[in-house]
Amino acid sequence: MNDMTTVSYQQHAYSAAAQKSLSRKPALFINGEWVASSHGGLIDVEDPSSGKVVSQIVDASLADTDRAVAAARAAFDDGRWSGLAPIAREKIMLRLADLIEAHAEEFAELEAIDNGKPKTMAGAIDVPGAVSHIRYMAGFAAKVGGETTPPYTLPTGAFFTYTVKEPVGVCAQIVPWNFPLLMACLKIGPALAAGCTIILKPAEQTSLTALRLADLIAESGIPAGVVNVITGYGHVSGDRLVKHPDVDKVAFTGSTEIGKLINKNATDTLKHVTLELGGKSPVVVMPDVDVAEAAPGAAGAIFFNSGQVCVAGSRLYAHKSVFDQVVEGIANTAPFWAPRPSLDPSAHMGPLVSQEQFDRVMGYIEAGKRDGASVAMGGDAPSADGYYVNPTMLVNVNPQMSVVREEIFGPVVVAQRFDDLDEVVKEANNTQFGLAASVWTKDASTLHKLASRIKAGTVWANCHAMIDVALPFGGYKESGIGREQGRAGIEAYLETKSVIVKL
Ligand code: NAI
Ligand code: MG
């Protein structure tokens with residue numbers, strides 16, 4: 001492990017490929033073409049490792065947004081994508097996956113510059129993940145279909161009845177800044193496989209990889225208008241998409257607050273809505289664990305991606321018999337997780353994405369201290385340009401504190417001790433959220449009891465945040481509506497039509 005005192009906060013030089021992306025003329029990708037905004041408004045792009053403005057993107061206006069919707073609508077209505085043979089759609093999607101893979105290095109660097117995550121992490125997780133989402137979903141293009149189903153009350157032999165699956169239509173896909181390319185591909189993959197058309201809106205903080213992706217979408221052979229990429233603010237272009245009568249579905253990943261607003265705003269046009277929202281996921285450490293394994297595991301559960309992960313293991317519950325050892329084991333990982341600039345090859349954790357997130361996370365840490373929590377690790381920020389926060393653990397907390405109840409979305413874990421299984425199940429479920437949980441135990445019976453009693457869309461055992469595209473992902477309670485990934489993920493982009501034929 002490195003000595004924390006040697007950390008340098010100087011961002012490394014950008015490659016020529018990255019500089020090319022940063023200096024591209026701000027534009028929107030509509031109907032297969034790069035177009036300027038109708039009103040010329042721009043948004044600054046920052047490198048969170050230095051706090052410097054490094055590029056600009058378009059702030060799409062309402063007129064720009066309408067233009068993108070019109071393009072997606074026309075592309076859907078004339079069947080230029082859904083009308084292709086599934087084998088052709090599959091092939092084109094696989095080509096897109098190959099193209100992303102061929103530019104893996106460039107995508108990893110752009111993501112690091114834009115989001116602040118270590119380039120090594122983006123290269124190991126975000127980019128291969130993005131490729132897998134497109135590849136896996138490509139296979140569904142030919143494998144979704146309805147069924148011939150015998151009628152129950154209609155006379156046998158007098159009717160022929162079957163169902164067909166059809167694409168939902170024009171989809172607005174609004175993604176957040178924590179895994180920009182990965183989220184974009186997670187969203188477009190199933191929509192493309194289903195035959196839908198798309199308006200993708202990346203987060204205003206992190207649009208660079210989505211714009212680069214648009215280049216590859218054009219190159220892959222996906223017809224013009226099938227995927228449109230518009231950059232801009234959520235309350236302007238995002239809001240317009242959600243309310244637009246020509247949009248059939250909204251798929252959103254982001255905060256629970258905005259998810260609730262989107263759900264309301266989509267009501268007047270009764271859109272299909274899938275929401276993947278916030279979490280406050282428990283990490284439950286039972287007394288029988290090997291602390292040498294569980295403590296670094298629990299640390300990774302919260303500090304990976306600077307804690308800016310919807311499934312971050314932000315509430316640690318360790319059995320009283322191992323609590324002190326687990327807390328010590330996590331605190332010992334401080335040098336490993338010490339934040340560094342995203343292009344530093346030794347970085348395991350980068351800065352937070354923005355000043356806004358920095359203020360928010362530091363505000364929670366201060367609130368925790370004010371409420372009486374003690375700092376067992378970190379609790380502060382290095383003095384540097386950029387939005388670095390040291391990995392932080394708070395102890396002596398109670399369930400009423402905001403740091404225990406609310407999603408912080410930063411490298412901050414609250415650690416609590418428990419006596420028995422019933423108590424920890426009650427506390428783990430004592431939250432508005434229900435996205436994920438992990439349980440750490442070698443005892444199979446305890447493991448399955450916990451897996452069954454914890455109310456969450458995903459439960460991991462002896463690991464955390466192991467996400468695989470084949471497995472449905474989504475939340476219970478206020479963590480969301482619907483599932484992405486797996487067969488459930490493609491079903492969310494399909495309508496079912498029943499056909500009843502009198503013979
Ligand atoms: P946000 O939920 O406001 O933004 C996510 C996306 O929604 C962005 O593309 C944004 O432009 C768009 N958006 C915002 N307002 C919209 C509206 N009215 N209509 C349509 N689209 C809209 O997240 P924000 O403000 O960047 O972060 C705030 C907090 O949200 C974070 O501190 C974190 O707690 C949570 N968050 C959770 C994420 C998750 O994966 N669960 C991801 C990002 C943020
Ligand atoms: Mg917001």
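Numbering of ligands and ligand atoms starts at 1, following listing order. Predicted model, so just to flag it, every value in this text is computed and none were measured. This chain uses plain numbering: 1 for the first residue, then up along the sequence.
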Kindly indicate whether a cation-pi arrangement holds for K117 with F179, taking the cut-offs as under 6.0 Å to the six-membered ring centre and within 45° of the axis.
-> yes
What atoms of ligand 1 come within less than 4.0 Å of a heavy atom belonging to D239?
-> 19 (N), 20 (C)
Heavy-atom proximity to atom 28 (C) of ligand 1, picking from M183, Q357, E406, points to Q357
Examine K477 relative to F433 and say whether NZ or CZ is less than 6.0 Å from the centre of the six-membered ring and inside a 45° cone about the ring axis.
-> no
Trace of the side chain to side chain donor-acceptor pair (under 3.5 Å) decision for S38 with D64 = CA-CA 6 Å; S38 63; D64 297 330; 3.2 Å; yes
At a 4.0 Å threshold, what atoms of ligand 1 neighbour a non-hydrogen atom of L261?
-> 18 (N)
contact_flag Q205 ligand 1 heavy-atom lt 4.0 Å = yes
Without hydrogens or angle criteria, can the side chains of N265 and D239 be said to hold a donor-acceptor pair below 3.5 Å?
-> yes
Residues E478, K260: salt bridge by 4.0 Å N-O rule = yes
Would D268 and K243 pass as an ion pair if we require N to O under 4.0 Å?
-> no
The one among F409, F252, F433, W177 that brings a heavy atom closest to atom 37 (C) of ligand 1 = F409
Sub-4.0 Å atoms of ligand 1 with respect to non-hydrogen atoms of E407 | 33 (C), 34 (O), 35 (C), 37 (C)
Would you call F179 a ligand 1 contact, heavy-atom distance under 4.0 Å?
-> no
State which residue, out of T197, D248, D246, fulfils the side-chain hydrogen bond (donor to acceptor under 3.5 Å, both in side chains) condition with R73.
-> D248
Any luck finding a side-chain donor-acceptor pair between W440 and S438 under 3.5 Å?
-> yes
Answer yes or no: does an N/O atom from K201 fall short of 3.5 Å to an N/O atom of ligand 1?
-> yes
Would you say the side chains of E484 and T274 form a donor-acceptor pair under 3.5 Å?
-> no
Which of the numbered atoms in ligand 1 are below 4.0 angstrom from a heavy atom of V175?
-> 6 (C), 8 (C), 9 (O)
Which of the ligand 1 atoms, numbered from 1, are nearer than 4.0 Å to a heavy atom of P176 = 42 (C), 43 (C)
With only distance considered, is Y233 within less than 3.5 Å of ligand 1 through an N or O on each side?
-> no
Between the candidates S479, S255, A312, C310, which shows the shortest non-hydrogen contact distance to atom 36 (N) of ligand 1?
-> S255
Before signing off on this row, confirm whether L277 and ligand 1 have an N or O atom pair separated by under 3.5 Å.
-> yes
Which of the atoms in ligand 1, numbered in the order shown and given with their element, are less than 4.0 Å from a heavy-atom of I174?
-> 6 (C), 7 (O), 9 (O), 12 (C), 20 (C), 21 (N)
Go through the side-chain N and O atoms of S354 and Q205 and say whether any donor and acceptor fall under 3.5 Å apart.
-> no
Please indicate whether any nitrogen or oxygen in G234 is less than 3.5 Å from any nitrogen or oxygen in ligand 1.
-> yes
What part of Q308, side chain from CB on, backbone N/CA/C/O, both or neither, has a heavy atom under 4.0 Å from ligand 1?
-> neither
Backbone or side chain, does any N or O of T253 fall under 3.5 Å from an N or O of ligand 1?
-> no
Taking C-beta and beyond as the side chain, do M377 and T333 meet within less than 4.5 Å on heavy atoms?
-> yes
